[in-house]
Amino acid sequence: MAEFIFEGKQVYYEVHGNSGEPIIILNGIMMSTLSWKPFIKDFSKNNVAILVDFLDQGRSARMSEDYNHEIQVRLVNALIDQLPFEKVSIMGISYGGEIAVQYAVNHPERVRRLILANTAARTSDWLRKIGDGWNEVAKTRNGYAYYLTTIPVIYSTGFFEREKAWMDSRENTLKAHFSRIDVLESLIRLTDSSRDYDYTDRISKITCPTLIISASEDGLVPPTEQVILHQGIKGSTYVTINGAGHASMYENPSAFCALVLGFTNLSDEGIKI
């Protein structure tokens, strides 16, 4: 566990593992470093896994004013400045993937490999309306209503029904979490920070090896958005986790870890056939 000061704000991060290729993990909008606790053992067995909370997330500082993605991109650059690596691989899921896309475009010299899971090159009008709905519910300060509006859609219906006990446990935890006014205010700002995100005309500038992970039952950021990424990033690899929803890392953790770690640990020369 460690902290650093970024533009006057405290940022929380963790480094796990002592050897192997370094990989930075970037959170989805409602996540934090704690979200990755079940994955730490595997992520750090043969790699150096770096977790970080964005501003307005987890144990990093809360903001008081509106912002856009640019500040989170600068935060990632400041984080890498803290680390003893010239290059890192970056895996971003959902919101974290959007930040990863922008970082890879603007700092290609620092990115070895890029993994984009359940994410997009833009905030579509459709997704913007969903975010507006979340924020309107958040303004009511009703944590349970916010949970009902945001969380069920993140999972596939099959997983939701199969893992009812786990989902019930999540509901109890998140109801309390979302009932905190400071958390709801942070989530409003995080959601609003994505309103004008559109890198569809710039993703062609990404030159590092890139893996795009889609999920067939993603009802929040559908596979059509990952297809846009795949078509725009030359030489990218596209893989679908069948039967999973937006939270693909929870729904099929074995496939998710195999994809992330397998791609990260490929040699830079690649496999010659």
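FYI, side chains are in, hydrogens and waters are out, and symmetry mates aren't considered; it's all heavy atoms of this structure. Fair warning: this is a prediction, and the values are worked out from it, not measured in the lab.
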Indicate if [X] and [Y] have the same hydrophobic cluster label, given that clusters are the connected sets of ILVMFWY residues with side-chain heavy-atom separations under 4.5 angstrom.
| X | Y | result |
| --- | --- | --- |
| Val101 | Ile228 | no |
| Val15 | Phe43 | yes |
| Ile188 | Leu174 | no |
| Ile93 | Leu34 | no |
| Val137 | Trp126 | yes |

Minimum-distance pair of heavy atoms, taken over all atoms of [X] and [Y]:
| X | Y | result |
| --- | --- | --- |
| Ser32 | Gly58 | CB-CA, 3.8 Å |
| Leu220 | Leu127 | O-CD1, 3.7 Å |
| Ala215 | Pro223 | O-CG, 3.5 Å |
| Ser179 | Gly143 | OG-CA, 3.7 Å |
| Ser236 | Ile212 | OG-CD1, 3.7 Å |
| Phe178 | Met30 | CZ-SD, 4.2 Å |

* Test applied, ring-ring contact (aromatic ring centres under 6.0 Å, His included); reference residue, Tyr250; option that passes from Phe256, Trp166, Phe159 -> Trp166
* Asked: Given the rule in the side chain to side chain contact (heavy atoms under 4.5 Å, CB included) test, do Leu83 and Ile50 qualify, once you have shown the distances and angles that lead to the verdict?
  -> CA-CA 9 Å; Leu83 304 172; Ile50 302 108; 4.2 Å; yes
Hey, are the side chains of [X] and [Y] touching, using non-hydrogen atoms and a 4.5 Å cut-off?
| X | Y | result |
| --- | --- | --- |
| Thr119 | Leu229 | yes |
| Leu114 | Ile206 | yes |
| His16 | Leu51 | yes |
| Thr237 | Thr210 | no |
| Ile71 | Leu55 | yes |
| Ile213 | Leu116 | no |
| Asn142 | Lys175 | no |
| Ser60 | Phe54 | no |

For residues [X] and [Y], is any side-chain donor paired with an opposing acceptor at under 3.5 Å?
| X | Y | answer |
| --- | --- | --- |
| Ser186 | Asp56 | yes |
| Thr200 | Asp198 | yes |
| Asn265 | Asn47 | yes |

* Between Phe4 and Tyr13, does the ring centroid distance fall short of 6.0 Å? -> yes
* Which residue pairs pass the side-chain hydrogen bond (donor to acceptor under 3.5 Å, both in side chains) test when at least one of the two sits in residues 147-160, sequence neighbours left out? -> Ser156-Glu251
Quick check: does any side chain N or O of [X] sit under 3.5 Å from a backbone N or O of [Y], one acting as donor and the other as acceptor?
| X | Y | value |
| --- | --- | --- |
| Arg189 | Tyr67 | no |
| Ser193 | Leu190 | yes |
| Ser44 | Ala49 | no |
| Arg112 | Thr264 | yes |
| Asp218 | Asn118 | no |
| Glu217 | Asn242 | no |
| Asn106 | Gln102 | yes |
| Gln57 | Gly28 | yes |
| Arg128 | Arg195 | yes |

* To do: Take Ser194 and Tyr95 through the test side-chain hydrogen bond (donor to acceptor under 3.5 Å, both in side chains) and record every step on the way to the result.
  => CA-CA 8 Å; Ser194 293; Tyr95 182 91; 5.2 Å; no
* **Audit row: Leu259, Ile241, side chain to side chain contact (heavy atoms under 4.5 Å, CB included) steps and yes/no** => CA-CA 10 Å; Leu259 289 168; Ile241 300 178; 4.0 Å; yes
Counting only heavy atoms not in [X], do more than 12 sit closer than 6.0 Å to its [atom1] atom?
| X | atom1 | value |
| --- | --- | --- |
| Ile5 | CD1 | yes |
| Asn18 | CG | no |
| Glu109 | CD | yes |

* Please say whether the positively charged group of Arg110, taken as NZ for Lys or CZ for Arg, lies over the ring of Tyr103, i.e. under 6.0 angstrom from the six-membered ring centre and within 45 degrees of the axis. => no
* List in chain and number order the residues that pass side-chain contact (heavy atoms from CB on, under 4.5 Å) with Glu70, two or more places apart in sequence or in another chain; answer none if no residue qualifies. => Asn68, Arg74
* To do: Tell me, with the steps shown, if Arg141 and Ile181 meet side chain to side chain contact (heavy atoms under 4.5 Å, CB included).
  => CA-CA 7 Å; Arg141 304 299 191 243; Ile181 291 176; 3.7 Å; yes
Roughly how far apart are [X] [atom1] and [Y] [atom2], rounded to 0.5 Å?
| X | Y | atom1 | atom2 | value |
| --- | --- | --- | --- | --- |
| His177 | Asn172 | NE2 | CG | 14.5 Å |
| Glu225 | Glu98 | CD | CD | 9.5 Å |
| Met31 | Ile25 | CE | CD1 | 9.5 Å |
| Asp53 | Asn27 | CG | CG | 6.0 Å |
| Leu261 | Asn46 | CG | CG | 8.0 Å |
| Ser124 | Arg122 | OG | CZ | 5.0 Å |

* Salt-bridge present (Arg59, Glu14; N to O < 4.0 Å) -> yes
* Asked: Is the closest basic N to carboxylate O distance between Asp125 and Lys129 below 4.0 Å?
  -> no
* Go through the steps for Lys37 and Ser35 under the test side chain to side chain contact (heavy atoms under 4.5 Å, CB included), then give the verdict. => CA-CA 6 Å; Lys37 186 176 180 181; Ser35 304; over 6 Å; no
* Fit a plane to each ring of Tyr197 and His69, take the angle between them on a 0 to 90° scale, and name the class: parallel (under 30°), tilted (30 to 60°) or perpendicular (over 60°). => tilted
